[in-house]
Amino acid sequence: MGVRRRTGGFVLLVNPILCDGFGHCAELAPDLVRMDEWGYPIITTEPVPLANLAALESARYAVRGCPRQALRIERVSDHP
Amino acid sequence: MISPDQLPRVLHQAADRPLTLAQHEEAFGPMPPSAPSLEQLEASGLTGRGGAGFPTWRKAKLIRELRGHNKFVIVNAMEGEPAAHKDRTLISANPHLVLDGAEHLAGIVGAKHIAVCVSRDNPVMVNHLQRAIHERDRRSMRGATFELHTPPWRYVAGEESALVHWLDDNESLPQYRPRRPHILRIGHAPVLLDNAETCAHVGLIGRYGGDWFRRLGTPSSPGSTLVSVTGAVARPTVLEVALGTPLHSILERAGADLDPQALLMGGYGGAWLDARHLDAPYTNDALGPLESTVGAGVIIVLPRSGCGIVETQRIARWMANESARQCGPCAFGLPAIAEDLAHLAFDARDAAAAYERLLDRCGAIEGRGACRHPDGVVRLVRSALRVFAAHVEDHVRGQSCVASRSTHHYTSVPTLEREEELIWE
Ligand SMILES: Cc1cc2nc3c(=O)[nH]c(=O)nc-3n(C[C@H](O)[C@H](O)[C@H](O)COP(=O)(O)O)c2cc1C
Ligand code: SF4
Ligand code: SF4
């Protein structure tokens with residue numbers, strides 16, 4: 001067992017059909033999510049490095065905190 | 001056999017009444033005993049005629065490689081674009097060519113069912129298709145079985161995931177697809193979905209082959225295509241042209257205004273094109289760099305006397321009303337954009353601020369719906385602000401134009417329904 005290397009990145013994805021604009025995600029992951037003028041989340045589309053533990057942790061909070069279970073974390077590798 | 005350099009192809013022998021199966025086989029030759037190979041389809045270079053312009057063989061390959069006994073082929077004849085009437089014209093002339101193509105596609109991917117989808121608000125088309133399918137049933141051909149489906153007409157009902165949703169669950173609402181390409185399914189069965197015109201071209205490729213198909217058009221956009229020309233024309237026309245035909249000769253053949261102000265290309269989710277570019281060939285390769293598109297084969301001619309901002313505002317307002325209202329950015333963003341356009345066009349005091357808001361809001365809602373409906377509106381609005389930039393400036397400076405006070409318009413939009421009257425079932 002070697003040391004698990006954290007390569008690649010992740011994106012936070014929202015299912016816009018499920019999302020009801022409660023706005024919890026913008027509070028839980030303010031670095032990744034901001035609100036539009038109607039209260040729906042605008043999420044950074046740029047992949048965030050997995051090594052950024054604070055961002056990953058906040059994304060996990062947002063996923064768990066979303067009352068509609070509309071959020072998902074998806075891994076993206078650097079070499080497709 | 002139709003000679004390869006001859007036009008029309010899919011509208012060959014078009015008359016007032018649809019060709020019967022016997023007449024059809026006389027005109028085009030008998031149906032070949034087996035479907036064309038995927039290689040033939042690839043060699044033809046056919047791309048989808050429903051709007052996205054994706055290579056048809058690649059979609060077919062994706063579905064062919066999947067396992068499953070109950071695959072579906074869906075023929076999309078919904079024709080949601082109010083300015084388009086090409087699928088209607090095609091099916092009122094050569095319905096069997098469309099069905100031939102669907103059978104070929106079913107043969108290629110190994111599908112058992114063919115679902116032909118046409119809006120129930122167009123009873124004439126429903127009739128033509130019913131009769132054509134009945135004729136084929138009596139011949140008891142081998143292979144896939146046909147079924148006819150008639151969802152209610154809505155702009156987004158023709159979107160592929162909405163159509164599949166309808167077949168699966170009687171709701172014409174688009175579905176969320178995080179990854180593309182996404183395999184659409186009815187239950188567990190994979191679905192290949194193609195536009196009616198695309199199927200008709202496949203019907204010809206099955207008879208005459210891929211090389212025959214390439215004899216018209218350009219190397220990267222081969223074949224012919226149907227164009228619906230409306231707006232400043234003597235009367236709305238559907239033409240079959242070779243891809244790569246210069247725009248001005250399409251206008252000439254359609255009997256349109258030859259010195260227009262701009263053209264709306266592709267449909268209501270398409271883009272305006274300045275009339276400076278009338279020499280451009282009609283292909284996505286040539287129109288792409290001009291930030292325009294072939295799209296669903298719609299050309300709306302705006303004469304110099306019209307106001308592009310007012311026309312765009314009318315379309316945007318109607319498109320906002322047609323949102324399925326599932327996604328916040330689409331349900332709230334599109335009405336806001338339509339409102340901004342109205343202020344830009346008619347409210348001199350607020351025009352400057354409305355212009356700024358428009359730019360912000362277009363950026364904010366792009367790419368955030370479950371389907372591409374809002375993206376289409378954003379593309380339309382951005383193209384209007386670019387192509388009519390000088391005219392936008394007049395409006396911003398408070399000089400609203402004569403055309404914006406006229407009641408004569410060149411884009412046709414159906415009457416707006418109240419929200420509670422919209423049917424999604
Ligand atoms: C909002 C929206 C509406 C659409 N409406 C239609 C339609 O009415 N008819 C159609 O053929 N394609 C329509 N499309 C495109 C289809 O989703 C799909 O791309 C197409 O039918 C695929 O067939 P093709 O590969 O043969 O072009 C629509 C797309 C969107 C985003
Ligand atoms: S917490 Fe969930 S429902 Fe609320 S705005 Fe965020 S994604 Fe939407
Ligand atoms: S983007 Fe608009 S039209 Fe598409 S699914 Fe969402 S609400 Fe419906």
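Below, each value reflects all heavy atoms present in this structure, side chains not excepted, and no hydrogens, waters or symmetry copies. Throughout, protein chains are lettered first and strands after them, A, B, ... in sequence-line order, and every chain is numbered starting at 1. The structure displayed is predicted, hence computed values, not measured ones.
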| query | Which heavy atom of A:P16 sits nearest a heavy atom of B:G369, and at what distance? | reply |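 So the two residues come closest at CG-C, 3.8 Å.
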
Does [atom1] in [X] sit with more than 12 non-hydrogen atoms of other residues, nucleotides or ligands closer than 6.0 Å?
X      : atom1 : result
A:Q69  : CD    : no
B:R386 : CZ    : yes
B:F346 : CZ    : yes
B:R185 : CZ    : yes

| said: For the interface with chain A, which of B:P178, B:G333, B:P329, B:A364 has the highest count of heavy-atom pairs at distances below 4.5 Å? | reply: B:G333

| message | Report which part of B:A336 has an atom under 4.5 Å of a heavy atom belonging to chain A: side chain, backbone, both, or neither. | response |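 Contact with chain A involves the side chain of B:A336 alone.
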
| request: Can you tell which part of B:R177 gets under 4.5 Å to a heavy atom of chain A, answering side chain, backbone, both or neither? | output: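 No part of it gets close to chain A.
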
| said: Please identify which of these residues, A:I17, A:N15, A:V14, meets the side-chain contact (heavy atoms from CB on, under 4.5 Å) condition with B:C327. | reply: A:I17

| task | Please tell me if the side chains of B:I365 and A:W38 come closer than 4.5 Å, counting only heavy atoms from C-beta onward. | result |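 Side chain of B:I365 against side chain of A:W38, heavy atoms only: contact under 4.5 Å found.
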
| query | Are any of the side-chain heavy atoms of A:D36 and B:R368 separated by less than 4.5 Å? | reply | yes

